[in-house]
Student: 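Have a look at this one.
So that the names make sense, note that chain A is the first sequence line, chain B the second, and so on, each numbered from 1.
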Amino acid sequence: SAVISQKPSRDICQRGTSLTIQCQVDSQVTMMFWYRQQPGQSLTLIATANQGSEATYESGFVIDKFPISRPNLTFSTLTVSNMSPEDSSIYLCSGARDRDHEQYFGPGTRLTVT
Amino acid sequence: AQSVTQLGSHVSVSEGALVLLRCNYSSSVPPYLFWYVQYPNQGLQLLLKYTTGATLVKGINGFEAEFKKSETSFHLTKPSAHMSDAAEYFCASRRSNKLIFGAGTRLAVHP
């Protein structure tokens, strides 16, 4: 399996500011993903992070709000821009390898926007 | 569109009782199916997965699930619940390398 770490583990931010979340994988994965888990709800895919190119966003998510980078196979960042209280959620990073059929998840970043 | 439905947002069982968490999927072709567990303030941990082959899949912590194509179901079971099983459980299917999650079932285990 892959071990995935995220920083920060939690943060409290003021509205209008931006937060960048880092995701590090301990082994090479072919795919990395970012999910949002709103309070008491399930996970929703934000985007697929593509190495060296623009991320592929799901319906309802846009690059201006959630810019994503993936400069190499083992590292990715998600920025939550111009935050509002509605952005208060857990943001999870995941990785997958071609030979597996499963995704490995990081511990998540718990974001509260005041 | 592919979707995953988990029946019962909350399930409560007594310690030692059978755990049954229900999951149904909709897909034109049999998908890859997964069960994940999320303990409070933690990320997701894979319990088990079905890809191909044997339809009864055994996972960690004594959990197992059976893929039933005729019923489009992938229910999760455990013969005897432990207090430590209290958590949120998510069923998911994979489509084009993306996971589609059910709404989740919160399992409570009481003495």
Student: With a 4.5 angstrom heavy-atom cut-off, which part of Leu92(A) approaches chain B: side chain, backbone, both or neither?
Tutor: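 The side chain, not the backbone.
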Student: Select all residues of residues 33-47 of chain B having any heavy atom within less than 4.5 Å of some heavy atom of chain A, and report them by number, or 'none'.
Tutor: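 Listed by number: Phe34(B), Tyr36(B), Gln38(B), Asn41(B), Gln42(B), Gly43(B), Leu44(B), Leu46(B).
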Student: Determine whether Cys23(A) and Ile4(A) make a side-chain contact, defined as any pair of heavy atoms from C-beta on separated by less than 4.5 Å.
Tutor: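 They are in side-chain contact.
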Student: Any non-hydrogen side-chain atom of Phe105(A) less than 4.5 Å from a side-chain atom of Tyr35(A)?
Tutor: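 Side-chain contact under 4.5 Å: yes.
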Student: State, to 0.1 Å, how close Tyr32(B) and Thr51(B) come at their nearest heavy-atom pair, and which atoms those are.
Tutor: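 Of all heavy-atom pairs spanning Tyr32(B) and Thr51(B), the closest is CD2-CA, 3.5 Å.
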Student: Testing the basics here: between Met32(A) and Ser76(A), what is the closest heavy-atom pair and its distance to 0.1 Å?
Tutor: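 Reported closest heavy-atom pair: CE-CB, 3.7 Å.
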Student: For the residue pair Lys49(B) and Glu102(A), what are the closest heavy atoms and their distance?
Tutor: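 Nearest pair, atom of Lys49(B) first, then Glu102(A): NZ-OE1, 2.5 Å.
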Student: Between Gln37(A) and chain B, with a heavy-atom cut-off of 4.5 Å, which part of the residue counts as in contact: side chain, backbone, both or neither?
Tutor: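 Answer is side chain: those atoms of Gln37(A) sit under 4.5 Å from chain B.
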Student: Could Asp87(A) and Lys65(A) be called an ion pair, given the rule that one side-chain N must be under 4.0 Å from one carboxylate O?
Tutor: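 Salt bridge: yes.
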Student: Tell me, with the steps shown, if Thr20(A) and Thr79(A) meet side chain to side chain donor-acceptor pair (under 3.5 Å).
Tutor: CA-CA 4 Å; Thr20(A) 296; Thr79(A) 299; 2.8 Å; yes
Student: Would you tabulate the side-chain donor-acceptor contacts of residues 59-70 of chain B under 3.5 Å, counting partners in other chains and residues two or more places apart, or write 'none'?
Tutor:
unit_1: Glu64(B); atom_1: OE1; unit_2: Lys58(B); atom_2: NZ; d: 2.8

Student: Of the non-hydrogen atoms in Ala55(A) and Ala49(A), which two are nearest, and what is the gap between them?
Tutor: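 It is CB-CA, 4.3 Å.
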Student: Checking Gln103(A) against chain B: side chain, backbone, both or neither under 4.5 Å from a heavy atom?
Tutor: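 Both parts, backbone and side chain.
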Student: Mind checking what makes side-chain hydrogen bond (donor to acceptor under 3.5 Å, both in side chains) contact with Ser80(B), not counting sequence neighbours?
Tutor: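 Partners of Ser80(B) under the side-chain hydrogen bond (donor to acceptor under 3.5 Å, both in side chains) test: none.
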Student: Hey, which of Leu7(B), Leu21(B), Asn24(B) is the one that makes side-chain contact (heavy atoms from CB on, under 4.5 Å) with His75(B)?
Tutor: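 With His75(B) as partner, side-chain contact (heavy atoms from CB on, under 4.5 Å) holds for just one option, Asn24(B).
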Student: Which residues, numbered in order, of residues 98-111 of chain B come under 4.5 angstrom of chain A by heavy-atom distance?
Tutor: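 Those residues of residues 98-111 of chain B which have a heavy atom under 4.5 Å from chain A are Lys98(B), Leu99(B), Phe101(B), Gly102(B), Ala103(B).
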